[in-house]
Structure formats: structure tokens, C-alpha cells
Peer 1: 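The structure's right below; bear with me while I get my questions together.
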Amino acid sequence: MQVKEHWLDEFVNTVLDRFKEHVVASGTSISGSAHIGNIADPLFAHAIAVEIRRRGGKAVALWVADDMDPLDSVPPPIPREFNRYLGMPYVDIPDPYKCCRSWAEHFTREFLDATEKLGLDVKYLSGAVMYRDGTYLPWIRMALEKAGNIRTILLRVSGTSKPSDWLPYMPVCENCGKIGTTYAYDFQGDKVLYECTMDVGYAKGCGYRGECDVKDGRGKLQWRVEWAARWAALNVTIEPFGKEHAAAGGSYDTSKVIVKDVFNKEPPIPLTYEHVMINGKKMSKSRGNIFTPQQWFEIAPPQALKFFFFRVHPMRHKDFRVEDLPSLMSEYERAERIYYGFEVVSDPKLMALAKRSYELSQVGEPGNVMPIQLPYDFAVVLVQLYPNISVERLLEILRLTGHIWREPTKEDIDRLVTRLNHASTWIKKYAPEGAKIKLLEDPSLISNVLSDNQKRALIKAAELLLEREWDVNELNNKFFELSRTLSLPPHEFFEAAYLALMGKKSGPRLVNFIAAMGREKVVRYFLAAATSAKSG
RNA sequence: GGGCCCGUAGCUUAGCACGGUAGAGCGCUCGGCUCUUAACCGAGUGGUCGCGGGUUCAAAUCCCGCCGGGCCCGCCA
């Protein structure tokens, strides 16, 4: 039986069967801060291109910023004053954060910053620039000439009926600057006649009538025509896109007919994917219900975000729950161990898939030696026990716990420190209560669940702690001795200690915990838990 | 009105294109590490594969129909 290939490799098999040279396009609307789901487009485009090249084909990956689109809602936290720009193209709207020349530039930079961190080698193109520099010009002219044909296609494929004078071009209104509200009804040569009279819900036309020269780049093609024009202009052969475009009668269905019948070119091979949801709900820029790559990079490395996408088939639903990040991270760490042969999986298929998912998730080539791992969930405990832990102390602990199996390099140490920072941010911003190490407010309340023997042990332990500062291993031995002296099974002593401190039966290694808390404070907790029952 | 995806152990899921004894991880339980405690190791535990039909010697897998969950298109991109 043949080993099942990773879905990406299977996809590349099918595209290489068609031809050996490819242009892989992707595109994103610049409607605000991107969310992690928007990364799928350039991520897949890049990975496909890399794999085609690896197999001896030719491929380039593109990412187009759809920056001529009209603003149709102002996403939080951008102030409501920006409602006055509704209907205008993103390139003409000021930057809400005032650091860039325009809205488009700001959010494009933000997006490119994320693709760079993810190591995505995608060629950046701007829609607005392509309208200005003539890239789209031949296709705009053709679309105007064959507008009747396009109207027929829209009606037949998507059931959208347009008036008989409708043209697939949206000029920017010279008077009010809006692009979403203009209606182009006639043209002579490159001059398009329009009236700014449309009411599109989020914006209303100003009533101005004018004309616009398509060579000036002050306008855009209607989306489904634009998409087809982009394929034609850039010779796109492959494009990943979200399933909203893939529905029957949706934009892919329509654009593929337009590109064939109107532009006389072939549509790209699609790779459709399901959207990423957050906490079981759809991410929506306009509702502000998003998780951004920037937020991701505060709590986890870029490789893990890539892994999130590559580990499952793109058509599967993916739900990101930030409180479950540690389990995603441990899956990633496991894939890393499998990749480097430190862990063996009995099923060769699973093993191959884990390796390949790991490999695809790297930024650049994977290193020769496995990085020293600090499991995310362990990091979460460490940062809570030792909020300001030094590198020396960290290495000492990791040596004790067996995580360090070779001399750490500078890169290893950087990764470990980054991991601690990530874990610490995660704890502060997103951790569920269960992951937090929290001391009891009133340890005396716990006394009624403790046995007399457990209370005696806590008192003895408190006395021990008062004696002097102990070495952690020494203290650990003392705790075992103490339990035996009282004929108390050691685990009952430890349970009592955790109950007294946090109201739970287990916790991080007790002696470390005590060292982090400070012994005086621990003594107070132990005594309170052990004594108050008699008085109350 | 139309389309897509998902439903497999308490949880997360692999397997489904090409039918052949349901497989992991987490959790849980127990044990080990002459002393263990949110770190390490081992074992055990656990599934009417959403439901009902059909095809077949044989169905988680193929076909039809339902149910439940989610998303999308039909307005704009």
C-alpha cells in the first residue's frame, strides 16, 4: 500500500500533470487588519510555488493587495469618524493610525510584515498600481467592448441581472471620491461616462455625472471581471481561495467563464479552502471578532501558525481557540520530534504526514539538529513559578528535567527565551483559569477536608521551613522523611500541601513552588490550613 | 432557492479519492523513576464510526434519504 501523501503534494501532482510552469496568485482585501485566516492565501500560494520548483518546475507566487476596493464598513477599533470615507477606495483613505500615507498602505504593510515573519516569498502587487500602470488596460478595454457578453454571463452563471447599459467598470467619482456608488453606463474609446447615483447601503452616490479615462487608473473593474482580468493579465495558472468564492454560481464560477469567453484565456486551477473560525465562530473584520497575526506572534512562533494550516486538509474546518494554544504547540513539538527521529510513530503514514507538515511549517529550511525543546505547557508553569527567571536558572532546570540533551547554542537559548515570553503573554492575556497557578485567598477554609495526619504533616513542614533556607532537593527528601515518620503516604502529604496553597490536589513540583513563593508565605498557608478547624 | 464542509473514545482527531480485523494524541486509572506531585517512563481504560435504507461475500469508506452543527453564494468584494 502506498504511503498517503500530504495534501499539498497531491495538489502539486495534479498541477504538474497539466503543465510545468506556473504563476500562483493570491489576494487579500485591505479592509483593515488582516486576521490569521487571511494568511491562508499567500501561505498556500507560496508553499505550492516552492514545491513546484523543488520538483523541477517553474513557479512564482504573487500576492495582490485589493486596495482599490471601496471601504464598506469601518472595523473596530477604528473610530466612527471614518464612516465619512465609506465607499471610497482604500488607497484614497487616510491612515487611521497616521503613520502611513493611506489606509491601504498601512494595512498592506501590516500584512506584508506578517508574510515576512512567516517567510513567505510572495511578490507583492497592488491593485491600484496595476490600474495605473496599464497592466489591466487591455482587459478593461476588452471588458467594455464585450460588456453585453459579460452581462449575459453574469445572468446565466450567477443569476445576477444588470441593466442593458451597465458596464463592468466602477470609476472613482471626481466629485465625492467614492468608487462604490458610481454607475458606468456608456463609453467612447477610453472615456467612461458615469453617474454617482447608486445607493449601496453603506454609501450613497452624490448625484454627480462625469467621465473618466480608464488610462488614469481612477477606477476599477467590477470584482468578478477584475478577477478574470487579473488571471489574464498575469497569466495566473493556480489560485488558492476561500470557499466563499467557490460556491455554485459564485465568483470563481463566473470569472472562469469570463476569462474564457471574454478574454480568451484559461482560468487557474483552484485550491479552495475552508475558513478559519475563532472560538467556534467566524472571524469577521467588520465585527472586530478577529485574531491577528500580530497577536499570534506575541504568543507563538510563526512556524506554529503555518503548522496550524498545514496539519489538516484545507477543506476541513479549522477552529482556533487561543486557550487551547498549548495543545496545538505540543502537537507541533511532537511533529518536530518525529521529524528529527526522536519519536517514532507506529503508523508510517502518520509519521510521514507529521514530518511533512513540520517541514512545510518551517521558515526556510529545517536545521540539521533538533532544537532544544521547552514544551509550551511547561513554559506556562515556569513563567508563573519564576516570573523573572534568569537564563542560567532556566538552563539548570531544563538540565534537571532532561530537556537539555546537548550543549545549547545561541539559537537554542534565543528560542527558549522567546518561548518564555510567549508563554508569559499567553498567561496574562488568554489563559483559562485552570492553567493559572493561583493561591487560595483563605487557606483556613481547606482545613475541613484535611485529615488530622495531613494537618500534623503540614505543621511539621512549616517547622522545617522555618528552620532555615533549604536546598530544593534536600527539602524534597525532608518532605518524604517527614511523611514516613507520620506514616502518611507521601502523596497525601503533597495533596495536603497543594490544597493548602491553591485548593487543588496537584500542582507544579512542590519544592520549586515553595522556592518561588518564599518560605515565610508558605508557612503562613500551611499553618492556617492546619489549625483553624479547631477554632472554627 | 443553491453550494460546500463537519459529525469516529470524555476531548482533539487519523483513516474515506482506491471497501478487507477502527488507529493515534490528550484526559483518566494504576504502576515506575530506592523520594513521585502540572517535567520523565511504562501499562491499562475507553468507540452502536450521527441516524435509516441500498449496493456488496464484506461498508467508517461507495450510493440514496434524513438529522444535527458550521460556513458560503444569491448585495458588495
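Below, chain A is the first sequence line, B the second, and so on; all start at residue 1. Treat the numbers as computed from the prediction; the structure is a model and nothing was measured.
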Peer 1: Could you tell me if the side chain of A:V276 sits less than 4.5 Å from the side chain of A:F291, heavy atoms only?
Peer 2: no
Peer 1: Could you tell me how far apart A:E10 (CD) and B:C16 (C1') are, to the nearest whole angstrom?
Peer 2: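 Between C1' of B:C16 and CD of A:E10: 12 Å.
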Peer 1: Taking for each residue the nucleotide of RNA chain B with the nearest heavy atom, is it A:H313 or A:N477 whose nucleotide lies nearer the 5' end?
Peer 2: A:H313
Peer 1: Determine the interplanar angle of the A:Y136 and A:Y131 rings, folded into 0 to 90°, and report it as parallel if under 30°, tilted if 30 to 60°, perpendicular if over 60°.
Peer 2: tilted
Peer 1: Of A:E495 and A:M315, whose closest RNA chain B nucleotide lies nearer the 5' terminus?
Peer 2: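 Between the two, 5'-proximity favours A:M315.
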Peer 1: If I take atom CZ in residue A:F307 and atom P in nucleotide B:U13, what distance separates them, rounded to the nearest angstrom?
Peer 2: 13 Å
Peer 1: Atom CD of A:E331 to atom P of B:G27: distance rounded to whole Å?
Peer 2: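 Interatomic distance, CD of A:E331 to P of B:G27: 14 Å.
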Peer 1: Is the number of heavy atoms from other residues, nucleotides or ligands under 6.0 Å of A:K204 NZ greater than 12?
Peer 2: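 Result for NZ/A:K204: open.
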Peer 1: I'd like to know whether the aromatic ring centres of A:Y358 and A:Y332 sit less than 6.0 Å apart in this structure.
Peer 2: yes
Peer 1: Can you tell me whether the base of B:A24 sits syn or anti, using the 90° cut around 0 to define syn?
Peer 2: anti
Peer 1: Let's test your reading of the pairing rules: Watson-Crick or G-U wobble, both distances under 3.5 Å, then write RNA chain B as a dot-bracket string with ( ), [ ], | and dots.
Peer 2: (((((((..((((......[..))))((((((.......))))))....(((((..]....))))))))))))....
Peer 1: Evaluate A:W227 against A:E239 for side chain to side chain donor-acceptor pair (under 3.5 Å), listing each step before the verdict.
Peer 2: CA-CA 11 Å; A:W227 209 16; A:E239 180 151 355; 3.1 Å; yes
Peer 1: Go along nucleotides 72-77 of chain B 5' to 3' and tag each nucleotide: B for a protein heavy atom under 4.0 Å from its base, S when only backbone or sugar atoms are that close, - otherwise.
Peer 2: SSS-SB
